[in-house]
Number of protein chains: 2
Amino acid sequence: MTRVLVVDDEPQIVRALVINLKARKYEVDSAHDGASALELAAARHPDVVVLDLGLPDMDGVEVIRGLRGWTRVPIIVLSARHASDEKVEALDAGADDYVTKPFGMDELLARMRAAVRRAEPVAAEGESVIATESFTVDLAAKKVNRDGADVRLTPTEWHLLEVLVRNSGRLVSQTQLLQEVWGPAYRKETNYLRVYLAQLRRKLEADPSHPRHFITEPGMGYRFEP
Amino acid sequence: MTRVLVVDDEPQIVRALVINLKARKYEVDSAHDGASALELAAARHPDVVVLDLGLPDMDGVEVIRGLRGWTRVPIIVLSARHASDEKVEALDAGADDYVTKPFGMDELLARMRAAVRRAEPVAAEGESVIATESFTVDLAAKKVNRDGADVRLTPTEWHLLEVLVRNSGRLVSQTQLLQEVWGPAYRKETNYLRVYLAQLRRKLEADPSHPRHFITEPGMGYRFEP
DNA sequence: CACGCGCCGTCAAGATGATGACAATTCTCC
DNA sequence: GGAGAATTGTCATCATCTTGACGGCGCGTG
């Protein structure tokens, strides 16, 4: 879930934002001054900050600098002032976007989506490694390792493995496998599955004739068990 | 130097932007319709795109989608229309920012700086020297050293090496390599890859016919192993 | 309990497609 | 104009994919 930090000293603005954001399944924290904004940001690590520049305790630009000292979280500035120099100052201090009040909620939400989308891939470099007792699958690097050595998989083998691993523990029907790996025209070619499952087992299972991870569910499909 | 692509069908706007940008040491390309915009973007790989939505030949949102199909270059949309739904549509299609005409040049420039600043670090992550047993690659200095001597690489060779090294250990698909180095129009020209991989291997591998660092993953792509 | 049927795993061989080396041509920048 | 670089085309080789045939196993049925 996306976490938002809303910083504004006007309670009605905060309320409107919180209601709208929560309705759209954002997780929302709010602060009404710069000090608690910085504190909350550090404690909660939001995915995006919506920041009003007119705060009671400190200059909004200082808040931006305070955040930028340690995080690259997207910052969207709200401000009642249309003056160009203030926009320039905020943006150059490290803000990602600048929206003038009064603003349309749709627009603000769209700008938030844009900011979060941009930040995603940098933040979401999450390891996508699935491990079993005998081998590991690295989905991002497209690598399979067994006993410390990389296993060579053909493109089709890899694709099949990928679909099974992404549905770890779940049963995947034959039709679905065929459709995803070979395309919709091959939905009936169950031979392929038999051949390629056998190859995967030969390359990855300790005892290919007694598979522990690539399980056949007769009449239904196959299941990957980590 | 930062490269900008300006897309607008009004000559006076283009002229104003080009003059301002060049004065600030940007390298500027300009296009007056969507088709040539996409073409130029592919050919020149700008660091930021300034895009007017009202183009004669195609919908601006289509241009955004066309770009987003293969690149994450920041896109700043210009538009005369203040309508909220148009902003939302553009932003959700993948635009980074939306500025309504008439706009202040200072503000646009600040938004460009913000967009470029955000995009930068994704490319330049931390240490920029990658070493192998037989050679080292310095991404920042654009230098390759082997046995104490610098190796001369052609621009294309370097670009290819750079993409592979930035994805160290990960598999990079042929399409992705072709797209990043030669542009989206070359997605099918796998010859190029074969030729240039061979050249890189000849220059960098101890035994070019048995590569240890530039690994072919048949049917899938190539991988750089440090 | 024996039988037939459907489903699955195995195997081998031909068709297909990808790869890397080489050669020739065009392009680009001094 | 010339050298180096980039592009394009071709070809032999090899891995992969596809296909069909075969045998075993489990299950339901008579």
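Please read these numbers as outputs of a predicted model, since none were measured by experiment. Keep in mind that the numbers below use all heavy atoms, side chains included, and drop hydrogens, waters and symmetry copies. Chain A is the first sequence line, chain B the second, and so forth, proteins listed ahead of strands; every chain is numbered from 1.
- Note: CD (B:Glu157) to P (D:dG4) measures 14 Å, nearest angstrom.
- Heavy atoms of B:Arg201 sit under 4.0 angstrom from primed sugar atoms or phosphate atoms, though from no base atom.
- Note on B:Trp182: a side-chain N or O is less than 4.0 Å away from OP1 or OP2 of D:dT7.
- The ring-ring contact (aromatic ring centres under 6.0 Å, His included) test with A:Tyr196 is passed by exactly one of A:Tyr222, A:Trp182, A:Tyr186: A:Trp182.
- Position along DNA chain C of the nearest nucleotide to B:Gly219 versus B:Val195 favours B:Gly219 as the more 5'-ward residue.
- We find that NE2 of A:His159 is positioned 17 Å from P of D:dT16, with the value rounded to whole Å.
- Under a 4.0 Å N-O distance rule, the pair A:Glu180/A:Arg166 does not qualify as a salt bridge.
- Here B:Thr154 does not reach the OP1 or OP2 of D:dA5: none of its side-chain N or O atoms lies under 4.0 Å away.
- The distance from atom CG of B:Leu153 to atom NZ of B:Lys143, rounded to the nearest 0.5 Å, is 12.5 Å.
- Reading DNA chain C from its 5' end, the first and the last nucleotide to sit under 4.0 Å from a heavy atom of chain A are C:dC7 to C:dC11.
- B:Leu193 has its CG atom 16 Å from the P atom of D:dG9, to the nearest Å.
- Within the nucleic acid shown, B:Thr216 comes within 4.0 Å of sugar-phosphate atoms alone, with no base atom in reach, counting heavy atoms only.
- For the pair B:Met112/B:Thr2, no side-chain contact is recorded, criterion being any heavy-atom separation below 4.5 Å from C-beta on.
- One atom, CH2 of B:Trp158, and another, P of D:dA5, lie 16 Å apart when rounded to the nearest Å.
- Taking atom OH of B:Tyr196 as the reference point, atom C1' of D:dG4 lies 11 Å away to the nearest angstrom.
- One finds no side-chain N or O of A:Arg152 lying less than 4.0 angstrom from the OP1 or OP2 phosphate oxygen of D:dA15.
- Taking atom CG of residue B:Asn191 and atom C1' of nucleotide D:dC11, one finds them 12 Å apart after rounding to whole Å.
- In this entry the distance linking NZ of B:Lys203 with P of D:dG4 reads 12 Å, nearest Å.
- By the 30° and 60° cut-offs, the orientation of the rings of B:Phe214 relative to B:Phe224 is tilted.
- Look at B:Arg68 and B:Asp96 and you find a salt bridge, because one of the NZ, NE, NH1 or NH2 atoms lies within 4.0 Å of a carboxylate O, short of that distance.
- Ionic pairing of A:Glu157 and A:Lys203 is present here: one or more N-O contacts between side-chain nitrogen and carboxylate oxygen are shorter than 4.0 angstrom.
- Classification of A:Arg118 and A:Asp97 as a salt-bridged pair fails, no side-chain N sitting under 4.0 Å from a carboxylate O.
- Among the atoms of the strands shown, only primed sugar atoms or phosphate atoms (P, OP1, OP2) are found under 4.0 Å from some heavy atom of A:Gln174.
- A donor-acceptor pair under 3.5 Å is formed between the side chain of A:Asp138 and the backbone N or O of A:Ala140.
- Comparing A:Pro155 and A:Arg194 against DNA chain D, the residue whose closest nucleotide sits nearer the 5' end is A:Pro155.
- Remark on the helix from C:dC1-D:dG30 to C:dC30-D:dG1: inter-end axis angle 40°, axes from five-pair C1' superpositions, rounded to 10°.
- In this structure, the CG atom of B:Leu160 is 15 Å from the C1' atom of D:dA5, given to the nearest Å.
- With rounding to the nearest 0.5 angstrom, the CG atom of A:Asp150 is 6.5 Å from the CZ atom of B:Arg223.
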